[in-house]
Amino acid sequence: MSQAPRYDYCVRAGSVPSYQPANHAHTHNQRLIGPDNVGARHLEVVLGTLAPGGGALPHAHPGMEQACYLLEGTAHVEVAGQSFELGPGDACFFPQDEMHVFQVTSATPVKLLVIYSPPYGENPERVRRTNPTGGAA
C-alpha cells in the first residue's frame with residue numbers, strides 16, 4: 001500500500017524559488033501554494049514581484065479564474081472593457097476566458113498575491129495570448 005505524500009503546510013516565501021512567467025516583462029513569481037508543494041487541488045497562490053516597467057501582455061486563461069491583491073506599488077489594469085488603477089490594498093478579478101493586461105505604473109516594484117482557480121502551474125495550454133497583429137492566438 002502506497003503512502004500519501006507528506007506536505008509541509010507552512011510555506012515561507014524565502015524558501016520558495018522564483019521563476020519568470022511567460023508573457024510577462026520584468027517579473028519574478030514564487031509559487032507559494034500549489035499542487036506540487038502542499039497538494040492544493042483547487043487553487044494556486046503566487047507571490048509576484050514586478051519591477052518598474054514590468055507587467056503582463058494581453059492574455060486570458062480559458063476555464064480559470066484569477067484574482068490579484070496588490071501589496072506594494074501601483075499598477076494599471078485592463079479587463080473586459082474596464083480600465084483602472086490599483087494601489088496597495090486593492091484587488092482585481094479576471095473572469096475565465098477574459099483578456100486582461102497588468103502594467104506597473106509606480107517607480108518602485110509591485111508586489112502582489114495572485115490566486116488562480118483551478119491551479120495554473122504555468123501550463124501553456126491554460127493561457128491564450130494575442131498574436132503580434134492583435135488578434136487572439
Side-chain angles (χ1 to χ4, degrees):
M1 175 185 247
S2 67
Q3 202 169 4
R6 170 113 170 93
Y7 296 109
D8 185 356
Y9 296 120
C10 176
V11 179
R12 300 189 193 284
S15 66
V16 177
S18 69
Y19 62 94
Q20 293 179 318
N23 205 51
H24 291 66
H26 310 293
T27 302
H28 293 274
N29 284 350
Q30 294 172 276
R31 190 166 290 110
L32 301 177
I33 305 294
D36 294 337
N37 66 342
V38 299
R41 297 184 331 204
H42 302 288
L43 68 87
E44 178 179 70
V45 179
V46 172
L47 174 62
T49 303
L50 293 79
L57 298 173
H59 67 285
H61 299 285
M64 183 174 22
E65 296 178 326
Q66 178 181 353
C68 297
Y69 179 78
L70 205 65
L71 299 166
E72 299 175 13
T74 60
H76 174 78
V77 176
E78 297 176 14
V79 59
Q82 296 182 22
S83 178
F84 46 90
E85 307 305 313
L86 292 181
D90 293 338
C92 63
F93 177 70
F94 302 136
Q96 65 181 0
D97 305 311
E98 285 286 346
M99 295 298 285
H100 54 275
V101 174
F102 188 98
Q103 186 67 44
V104 175
T105 57
S106 55
T108 59
V110 157
K111 282 200 173 191
L112 75 159
L113 291 177
V114 181
I115 299 101
Y116 296 104
S117 181
Y120 175 31
E122 291 299 312
N123 181 344
E125 296 175 3
R126 307 222 49 196
V127 66
R128 179 171 48 92
R129 296 178 179 91
T130 59
N131 64 31
T133 60

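Computed from a prediction, not measured in an experiment: that's the story for all the values here.
Nearest heavy-atom pair, V104 versus A51, reported as atom, atom and distance to 0.1 Å: CG2-O, 3.7 Å. Nearest heavy-atom pair across P52 and H26 is O-CD2, 4.5 Å. Of all the heavy atoms in A40 and P119, the pair that sits closest is O-CG, 4.3 Å. P35 and Y7 make their closest contact through O-OH, 3.9 Å (heavy atoms, listed as atom of the first residue, atom of the second, distance). Contact record, Y9 with V38: CE2-O, 3.3 Å, taken as the closest heavy-atom pair. Smallest separation of non-hydrogen atoms from C68 and V114: SG-CG2, 4.1 Å.
Cluster annotation: Y116 is not connected to I33 through the hydrophobic network of ILVMFWY side chains, with a link wherever side-chain heavy atoms come within less than 4.5 Å. With hydrophobic clusters built from ILVMFWY side chains whose heavy atoms lie under 4.5 angstrom apart, L71 does not share a cluster with L86. When hydrophobic clusters are built by joining Ile, Leu, Val, Met, Phe, Trp and Tyr residues whose side-chain heavy atoms come closer than 4.5 Å, directly or via intermediates, L43 is not grouped with F94. Note on V77: it clusters hydrophobically with Y120, by side-chain heavy-atom contacts below 4.5 Å among ILVMFWY residues. Transitive grouping of hydrophobic side chains (ILVMFWY, heavy atoms separated by less than 4.5 Å) brings F84 and L70 into a common cluster.
A distance of 11.5 Å separates OG in S117 from CD in Q66, rounded to the nearest 0.5 Å. Taking CZ of R31 as the reference point, atom CD of E122 lies at 5.5 Å (rounded to 0.5 Å). Taken to the nearest 0.5 Å, the SG atom of C92 stands 8.0 Å off from the CG atom of L112. Between N29 atom CG and L50 atom CG the span is 7.0 Å, to the nearest 0.5 Å. Interatomic distance, CD of E65 versus CG of D97, reported as 10.0 Å (0.5 Å rounding). The line from NZ of K111 to CG of L113 is 10.5 Å long, rounded to the nearest 0.5 Å.
Using a 4.5 Å cut-off on side-chain heavy atoms (C-beta onward), N23 and V127 make no contact.
Within the structure, side chain to side chain donor-acceptor pair (under 3.5 Å) pairs that include any residue of residues 70-94 comprise T74-T105, H76-E78, H76-S83, H76-E85 (at least two apart or interchain).
A side-chain donor-acceptor contact under 3.5 Å links Q30 to the backbone of V16. Although no hydrogens or angles enter the test, the distance criterion places a donor-acceptor pair under 3.5 Å between the side chain of Q103 and the main chain of G53.
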Could you go through V46 and Y19, starting from their C-alpha distance and side-chain angles, then the distance that decides it, and tell me whether this counts as side-chain contact (heavy atoms from CB on, under 4.5 Å)? CA-CA 11 Å; V46 172; Y19 62 94; 4.0 Å; yes
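Between H61 and H59, the ring planes are perpendicular. Angles over 60° get that label, and only those under 30° would be called parallel.
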